[in-house]
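Quick notes on the structure that follows.
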Protein chains: 2
Amino acid sequence: MMELTRKGEYAIRGIVYLAAQPAEQVCLLSDIATAVDVPQTFLAKIFQQFSKIGLVRSYRGTGGGFVLGRAPERITLLEVVEAVEGPIVPNRCVTGEGECSRTSTCNAHPVWVNVQEQVRDILAKVTLKELAGNQD
Amino acid sequence: MMELTRKGEYAIRGIVYLAAQPAEQVCLLSDIATAVDVPQTFLAKIFQQFSKIGLVRSYRGTGGGFVLGRAPERITLLEVVEAVEGPIVPNRCVTGEGECSRTSTCNAHPVWVNVQEQVRDILAKVTLKELAGNQD
DNA sequence: ATAAACAGGACATAATTAGTCTTTTAGAGG
DNA sequence: CCTCTAAAAGACTAATTATGTCCTGTTTAT
Ligand code: SF4
Ligand code: SF4
């Protein structure tokens, strides 16, 4: 239960690698994929998602590649995970919608809300700077 | 990410219903399934798993059914969830095995260990007694 | 122009989820 | 002993999700 998918794991590895590079260093997808040991085509999809929401900036053509969208200390693990896995939802009933008719009376519901908050809180407090630290 | 499956949700609903009954009240699977709105054959599988590890006791034949295996205040939500969903593992690397070669140097690893601990802790502090409270 | 590199979409395969169905086993009652 | 009841067990199926690949297009530097 509650397992990060490979996509999520790859996403973290990829962007942490970027965060570990010198600022504004443009990196080739092929280099990142090799370095973090992820299929390049798969990582491409992941970085496209990052790019759309500005977590990374991409440059096409010769000399192109990827650069981190913001300073590493201003990107949290929560953002990275939610970018590719969607919101953290331990049970249907915490999506906000009328997903379960029992929500109003259910004693378990607040527990899941609590789990969601705690997990989000932990991930929100970790930045890419910390994750990229001393990769030497 | 991190979503409880229907099986897990059904498991909780089913055993909470049982916990809400008078002690030693034998309940028919068909009644439980109807009450908590779960396909009976599916719930059967779930209760078989409960039975194997003693969370419930089962009786066959006429007058048979299911009874809670221990007092509701001595069964935690964590036990119930892990019974049907397996251990709570937010990422492969916290299974204990040599699942990822980067574990020893990875800065993200301790974060997942932390997530696991926090979630387990929350679920372990909730008992069936609390979940079954005032179902009137 | 042309080659480098990312973007986007369609596709393929495997694994997991969410069940159903059928047969077997155990117990209660006549 | 016979039969009815109810759970146990295992085989099976359909739908969904995960995990990719492949092909074509677009942008950009030289
Ligand atoms: S925990 Fe309660 S509110 Fe949430 S899905 Fe289950 S029954 Fe519904
Ligand atoms: S978080 Fe780190 S240790 Fe865990 S699987 Fe990912 S790379 Fe490996």
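Just so we're on the same page: letters track the sequence lines, and every chain starts at 1. Computed from a predicted structure; not experimentally measured.
- With hydrogens and angles left out, the side-chain atoms of Ser51(A) and Gln48(A) include no donor and acceptor closer than 3.5 Å.
- For Val67(B), the side chain to side chain contact (heavy atoms under 4.5 Å, CB included) criterion is met by Glu24(B), Val26(B), Arg57(B), Tyr59(B), not counting sequence neighbours.
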If a protein heavy atom is under 4.0 Å from the base, mark B; if only from the sugar-phosphate, S; if neither, -; do that for nucleotides 24-30 of chain D going 5' to 3'.
-BBBBB-
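- dT16(C) atom P lies 18 Å from atom CG of Leu4(B), rounded to whole Å.
- At the phosphate of dA18(C), neither OP1 nor OP2 sits under 4.0 Å from any side-chain N or O atom of Tyr10(B).
- Without hydrogens or angle criteria, Asn114(A) side chain to Ile122(B) main chain gives no donor-acceptor distance under 3.5 Å.
- Nearest heavy atoms, Val84(A) versus Ala11(A): CG2-CB, 3.7 Å.
- No continuous path of ILVMFWY side-chain contacts below 4.5 Å connects Leu28(B) to Ile32(B), so the two sit in separate hydrophobic clusters.
- Near-neighbour residues of DNA chain D inside residues 84-94 of chain A, defined by a heavy atom below 4.0 Å, are absent.
- No side-chain heavy atom of Lys7(B) sits less than 4.5 Å from a side-chain heavy atom of Lys45(B).
- Within residues 28-41 of chain B, the residues that have a heavy atom under 4.0 Å from DNA chain C are, in order of number, Pro39(B), Thr41(B).
- The salt bridge (Lys or Arg N to Asp or Glu O under 4.0 Å) pairs that include a residue from residues 72-87 of chain B are Arg70(B)-Glu79(B), Glu82(B)-Arg120(B), where partners are two or more places apart or lie in different chains.
- Atom NZ in Lys7(B) sits about 16 Å away from atom C1' in dT16(D), given to the nearest Å.
- Side-chain polar atoms of Asn91(A) and Glu3(B) form no donor-acceptor pair below 3.5 angstrom.
- Protein atom CG of Leu43(B) is 17 Å distant from nucleotide atom C1' of dC21(C), rounded to whole Å.
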Take Val119(A) and Gln118(B), measure what side-chain contact (heavy atoms from CB on, under 4.5 Å) needs, and give me the verdict at the end.
CA-CA 8 Å; Val119(A) 172; Gln118(B) 292 298 311; over 6 Å; no
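- Contact check for Thr76(B) versus Val126(B): no side-chain heavy atoms found under the 4.5 Å cut-off.
- Atom CH2 of Trp112(B) sits about 5.0 Å away from atom CG of Leu123(A), to the nearest 0.5 Å.
- Between Leu18(A) and Cys27(A) there is a side-chain heavy-atom pair separated by less than 4.5 Å.
- Within residues 45-58 of chain B, the residues that have a heavy atom under 4.0 Å from DNA chain C are, in order of number, Lys45(B).
- The side chain of Arg6(A) places an N or O atom within less than 4.0 Å of a non-bridging phosphate oxygen (OP1 or OP2) of dT19(D).
- Both Ile53(B) and Leu78(B) belong to a common hydrophobic cluster when Ile, Leu, Val, Met, Phe, Trp and Tyr are linked at side-chain heavy-atom distances under 4.5 angstrom.
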